[in-house]
Every structure is written in structure tokens, then in C-alpha cells.
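Fair warning: this is a prediction, and the values are worked out from it, not measured in the lab.
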Amino acid sequence: MFFVGAVNFKGVGIGAVLVSEIGQHYPVSIKLRFPYINNMAEYEACILGLKLAIDMNIQELLVIGDSNLLVHQVLGEWATKNTKILPYLYYVQELMKRFTKIEFKHVPRIQNEFADALITLSSMIQHLDKNFIDPIPIGIHNQPAYYAHVEEEVDGNPWFHDIKEYLAKGEYPEHANHTQKRTLRRLSNHFFQSRGILYRRTLDLGYYGVSTLRNHPNCLKRYMPELADHI
């Protein structure tokens, strides 16, 4: 479990993230609306995560936070007489009894980035009393948003048809505007044709690669047999 609490110019936010053994994340975040000090926010965040773990019937828990003070106080290594912190400390120690095994570990703030992002969001948002905010899903995109949007080929030709025609004849598609012509010229620079086959230029077998292979017939026949006789 990761936890963190923080104060900024718009308020205080606390957050905790439970991470299962298989990497599933269960985040929770809350904005505080009562008088506080920094250490109180850290304890609130820790308690928030502990109660979530208890609700999920978790028996063994590793608690990770960037508050060195809280970790040492909970472990009994440092004492405190702060009347605002003592009730939190006692409550955390009571919650710890609900687990069969629980450990605390201190890490730098930079290693607590997920929980840190949660509390930044919760502290910055100005919640209205009657507003309810649904859980915020976070996904991962490995491709640009337009990647899955493929327009239907109404002419029945493959996507590279215009490139092949331009390379073979130097002609633009009918009704192509200035921008489309410029795009076609730029795309064509990355391809070349041989015996009706369209090839994409690469760093190892591009224009310069073909020129080099021309002087090495054996290599040419091995890597590009379809071009050996032509070149």
C-alpha cells in the first residue's frame, strides 16, 4: 500500500493506492476540509489506505510512504507529545492489529508517484457539496487516437496505390488538392519501386544501401534477389 498527504495553495489532499501481487491498482483519494497540519495529512492518508485494505479483507500488508516521521512513530522508534498527532498514532496502531502481518517502509517522494498524483488532483479540485465525482479511469494508449480510424477504400485500391502511381508516372490522383500533393511527395521519398514491387527505404537497405549492394553482387543476391538482375 502506498499513501501520501500534501498541502498546497488550494487545500489538502490525501491518497492511497493498494497494489496486489499481480499488479492490480486500487486507488482512493480524499480532500480534507478541516484545520490540519502536514503530519495530520500523512496520518489521514495512511488510515485511509489501512481501512481500504481492511474492507478488502487483506491479511498481509506492506505499507509504503514518504513520511519518515510517521513510519518511525508507528514503529515505536520515535516518540511524540503532539496532542494533534497522538490520537492518529493510537488509531493506526489499533488498525494494525487487524492484520496478520503488516510492515512499514519509508521511500522518497519520487518513488511514491501514483499516490502523489492522486493527492495533487484531490487537493486542487474545488468540490461542491452536492457534486459527486465518479471514479476516474486511467488507460494506456500505445497508438495515436486516430490509429483505429480507417476510412473505407471506396476505389478498391490499397493504401499505397497513389504512392506507386506517383513513383511510376509522376502523376497525382485526380482532384488532389495542394496539401494532398505535398503529402504524397513527402511520403514517396520513403519508398522506391522495382519490377512493380513497392519497397520502403530503411537505414540499412535504403537508397545508399542499394548503391552499396550494387558493387557487391553476392550480397545483393542474398538480401535482395528480386533486385539483383535489375540493378
Side-chain angles (χ1 to χ4, degrees), residues 1-140:
M1 179 195 90
F2 294 86
F3 73 92
V4 68
V7 180
N8 61 39
F9 69 99
K10 286 199 174 182
V12 145
I14 62 173
V17 183
L18 294 181
V19 184
S20 70
E21 292 181 347
I22 62 173
Q24 179 67 43
H25 286 56
Y26 301 91
V28 60
S29 182
I30 288 178
K31 184 181 179 73
L32 303 183
R33 285 182 169 176
F34 55 82
Y36 52 80
I37 59 177
N38 285 348
N39 293 331
M40 289 172 59
E42 295 288 353
Y43 270 98
E44 286 279 352
C46 181
I47 291 170
L48 177 66
L50 293 176
K51 293 174 71 174
L52 177 60
I54 292 171
D55 290 342
M56 297 178 64
N57 198 32
I58 293 173
Q59 298 300 311
E60 297 185 2
L61 187 66
L62 172 61
V63 182
I64 300 174
D66 54 53
S67 173
N68 197 34
L69 179 68
L70 181 148
V71 171
H72 285 290
Q73 287 176 345
V74 168
L75 295 178
E77 299 171 350
W78 293 355
T80 180
K81 296 181 179 180
N82 190 322
T83 57
K84 294 183 178 180
I85 296 300
L86 280 174
Y88 282 111
L89 178 58
Y90 296 149
Y91 189 29
V92 169
Q93 292 172 339
E94 285 298 316
L95 293 176
M96 291 170 59
K97 298 176 182 179
R98 305 283 295 273
F99 300 91
T100 58
K101 180 180 179 181
I102 184 170
E103 298 178 13
F104 281 78
K105 180 181 179 181
H106 171 260
V107 297
R109 187 65 166 261
I110 193 173
Q111 297 181 24
N112 203 6
E113 56 184 10
F114 196 113
D116 191 43
L118 285 176
I119 58 99
T120 299
L121 178 63
S122 62
S123 64
M124 295 291 289
I125 293 177
Q126 298 300 309
H127 300 271
L128 298 179
D129 293 334
K130 296 183 180 180
N131 282 1
F132 177 79
I133 300 177
D134 287 323
I136 302 175
I138 300 176
I140 296 176

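- Counting only heavy atoms from C-beta outward, the side chains of Phe3 and Glu42 approach each other to under 4.5 Å.
- To the nearest 0.5 Å, atoms CG (Leu62) and CZ (Phe2) are separated by 7.5 Å.
- Taking 4.5 Å as the limit, some side-chain heavy atom of Glu60 sits within range of a side-chain heavy atom of Thr100.
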key: Check against side chain to side chain contact (heavy atoms under 4.5 Å, CB included), Ile102 and Leu50   = CA-CA 10 Å; Ile102 184 170; Leu50 293 176; 3.9 Å; yes
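- At least one side-chain heavy atom of Phe99 sits under 4.5 Å from a side-chain heavy atom of Ile54.
- Leu18 is listed as a side-chain neighbour of Leu61, based on a closest heavy-atom distance under 4.5 Å.
- Between the side chains of Gln73 and Tyr43, a donor-acceptor pair is found at a separation under 3.5 Å.
- To the nearest 0.5 Å, the span separating CG on Asp66 from NZ on Lys105 amounts to 13.0 Å.
- Side-chain atoms of Ile85 and Met40, non-hydrogen and from C-beta on, do get closer than 4.5 Å to each other.
- In this structure, the side chains of Leu70 and Asn39 stay at 4.5 Å or more apart for every pair of heavy atoms.
- Using a 4.5 Å heavy-atom threshold, the side chains of Tyr26 and Ile58 count as separate.
- Between Leu86 and Thr80 the shortest heavy-atom distance is CD2-O, 3.5 Å.
- Side-chain atoms of Trp78 and Asn68, non-hydrogen and from C-beta on, do get closer than 4.5 Å to each other.
- Summarising the geometry, atom CG belonging to Leu75 is positioned 9.5 Å from atom CD belonging to Gln93; distances are rounded to the nearest 0.5 Å.
- Put simply, the side chain of Ser29 gets close to the backbone of Ile14: a donor and an acceptor are under 3.5 Å apart.
- To the nearest 0.5 angstrom, Glu103 atom CD is 10.0 Å from Met96 atom CE.
- From Ile64, atom CD1 reaches atom CZ of Phe104 across 11.0 Å, with rounding to the nearest 0.5 Å.
- When every heavy atom of Gly49 is checked against every heavy atom of Ala16, the shortest pair comes out as CA-CB, 3.6 Å.
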